[in-house]
Structures are given as C-alpha cells and as structure tokens.
Amino acid sequence: MSAFNAIGADREVERDEYTPGIEPQATWCPGCGDFGVLKALKGAMADLGRDPEEVLLVTGIGCSGKLSSYFDSYGFHSIHGRSLPIARAAKLANPDLEVVAAGGDGDGYGIGGNHFMHTARENHDMTYIVFNNEIFGLTKGQTSPTSPKGHKSKTQPHGSAKSPIRPLTTALTSGATYVARTAAVNPNQAQEILVEAIEHDGFSHIDFLTQCPTWNKDAKQYVPYIDVQQNDDYDFDVSDRRDAAEMMQKTESALYEGEVLTGRFYHEADRPSYGQEKRDLGEMPDEPLAERYHEDDYEWERSYDLLGPHK
Ligand SMILES: Cc1ncc(C[n+]2csc(CCOP(=O)(O)OP(=O)(O)O)c2C)c(N)n1
Ligand code: SF4
Ligand SMILES: [Mg+2]
C-alpha cells in the first residue's frame, strides 16, 4: 500500500458513504435521469468495496458535471469538455486511484470529442460515463451532438440538419476496450455495467441515456428499453470487433426510431492500458509518480538527457 492509497484495506463499504450528508442537495430537476447515474455509481462502488478515499471523480461542465459535487469521493469539477485529460494525468500520477470521468453529451462528444477519441485510442485505465440526454441541459436545451436530425431548439429553430454522432462506434473505432450503453431508467443494469467497467483494466466508455424532462420534454423517451444480453433476438460475441461494430450500428440507428437497445457491446480483456505500456517500457515507475514530489532530494531526469546529445 502506498502513501497515496489512502485506505486500501478490505472492508464493507456502504453505498451511502458516497452521499453522507444532505448538503449540498442535488439541484437537478425532479425526474432528471442524472439521479439514476448517481444511484448506480454509488451502488457500483459499494459492490466493489471501493473506499471513497480510493476514488477520484472528474467531471466536465453541464447538469451532468454537478455529479462530483454530490458524490463524496475525491472530486474535480473541471471545465467544459476537459474531464478526460485531467483524469488521465491523475491516473498516470497515481495508478492506485480508481479514476472515473463523467460529463454530458455536449461536453464529451462535442467540445471534448478530441479528448474522447484519443483517451480511447491510448486505452487509459479509467471509466468514462457520458450522460446522454440528447441536448445541452444546463444552458437550456440547445441541440447537441446526439440530438436527432430535425431536432428543433432555440439554436436550430428550423430543425437540425445534422446527423447525430455514433458514440459507441466512435469509441470502438478509436480504440476503447470496454463499450456499453445503459439507461437511468434501468438502474440495476446500469450498476452491473458500472461494476464491470470499473473493474476493466483499460478505457471503459459508457453511453448513459439520461432523460431530461425539462428541455427534452418526453421523459419517457428511453422506455421501454431492451437489454441485448437478456433478449434472444440478439446473439453476438462482445469480444469480437466485427460483431460489436455491427451491433453498435444497429443500436445507434434504432435509438432514433424509438427502439432503445442497451447492454455490453464490446469487451477486449487483454490489451494493456497506456499506464501499463509506459511502465513496461521503463518510462514510468511502478510506485506512484506523485510520490516523487514529496522527496526533497529526488533527482529529476530530463528526456533530453535520456536521448543523448543531438547529432
Ligand atoms: C468553453 C465553454 N463553452 C461553453 C460553455 C457553456 N456551456 C456550459 S454547459 C454547456 C453544455 C451542456 O450540455 P451537456 O454537456 O450535454 O451537459 P448537460 O447539461 O446536458 O448534462 C455549455 C455549452 C462553457 N461553460 N464553457
Ligand atoms: S435541465 Fe434537464 S438535464 Fe438539467 S437537471 Fe434539469 S432535467 Fe436534468
Ligand atoms: Mg446533455
């Protein structure tokens, strides 16, 4: 156990340790799907026996970004679209931390889309939850990258001419090693998927469907849902890229035709994470890099010195 792994002892963790007090009370609107993410995440952490002091939750900006204010682990409420680079740095500096990043569809698939793609490509060991309510919630309902084509809002009063992004396919083709979709209306499945995603050693992406009854009036938009692992109509191998890609295409098209498919779509168990690759190369120490900042006489190497003189 390192100095940065604050607790590390095995013990029973209660889900409500993650929401101990009544302050601050969540300011999400009644019926908001974001409550479902909070419930599933604290349940998953309790199932895994993760002590709140072993967990870092980094969020972006949006209604979704408020999650870190209501979840009593280490937290970092960052800036719009930038949760992933912050989460990456924290995980590299202290691999003992359980790192979760979270934000909205605008945050993660719009302004932060570049970070999403590259964090997946590099297979950073963390879980990324994208609250997908198909709009910008916090700023009052503008069209987002997941809004359906034709969606009318203050920014697109004649209806959006854009086709929505395909988040699952984007994650897969970028290099994510665990990809799933769940929904706030299905908290049991959401909790199980979160447990798997957090346990996975690599980049886990969860497209989490969250209804926004305030700006996306149809609060029932994700009901009924189908769990593809529980339904005989869907038979595919989650460890097979081609199978996963076909299933994702089907799932992403179906959503806008009113059929909500959820479940695990891809799981590649044996690809090493970026941190592991760096440690194998000898570029990163086995002990948390962050500890070096506490060693007064530590002699820092410069990459220039490692490469030798320029020719
Ligand atoms: C750099 C920057 N640009 C724009 C904004 C304004 N802004 C705040 S939240 C947000 C979008 C929120 O939508 P989403 O990420 O989907 O989260 P939700 O509120 O739906 O959970 C925008 C555009 C900002 N805070 N920072
Ligand atoms: S505006 Fe929508 S996303 Fe934001 S808290 Fe209210 S219901 Fe939730
Ligand atoms: Mg949103």
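It should be emphasised that the depicted structure is a prediction, and the values quoted were computed from it without experimental measurement. Computed over heavy atoms, backbone and side chain alike; hydrogens, waters and symmetry mates excluded.
Residues Thr139 and Gln142 have side chains that bring a donor and an acceptor to within less than 3.5 angstrom of each other. Under the 3.5 Å distance criterion, with hydrogens and angles disregarded, a donor-acceptor pair is assigned to the side chains of Glu196 and Tyr178. Under 3.5 Å, the side chains of Thr177 and His200 contain a donor-acceptor pair of N or O atoms. A donor atom on one side chain and an acceptor atom on the other are found under 3.5 Å apart for Arg166 and Ser253. Side-chain contact, Gln189 with Arg264: no donor N or O sits under 3.5 Å from an acceptor N or O. Inspection of the Arg88 and Thr119 side chains reveals an N or O donor paired with an N or O acceptor under 3.5 Å. Using modelled atom types and a 3.5 Å distance limit, the side chains of Tyr222 and Glu134 yield a donor-acceptor pair. Side-chain atoms of Ser144 and Asp105 include a donor-acceptor pair closer than 3.5 Å. Side-chain contact, Thr210 with Asn133: no donor N or O sits under 3.5 Å from an acceptor N or O.
Between His124 and Tyr274, the distance separating the two ring centers is shorter than 6.0 angstrom. A centroid separation of less than 6.0 Å is found between the aromatic rings of Tyr70 and Trp28.
Using the six-membered ring where Trp is involved, His205 and Tyr109 have ring planes that are perpendicular, over 60° apart on the 30 and 60° scheme. Between Phe265 and Phe236, the ring planes lie parallel to each other; the angle is under 30°, not in the 30° to 60° tilted range.
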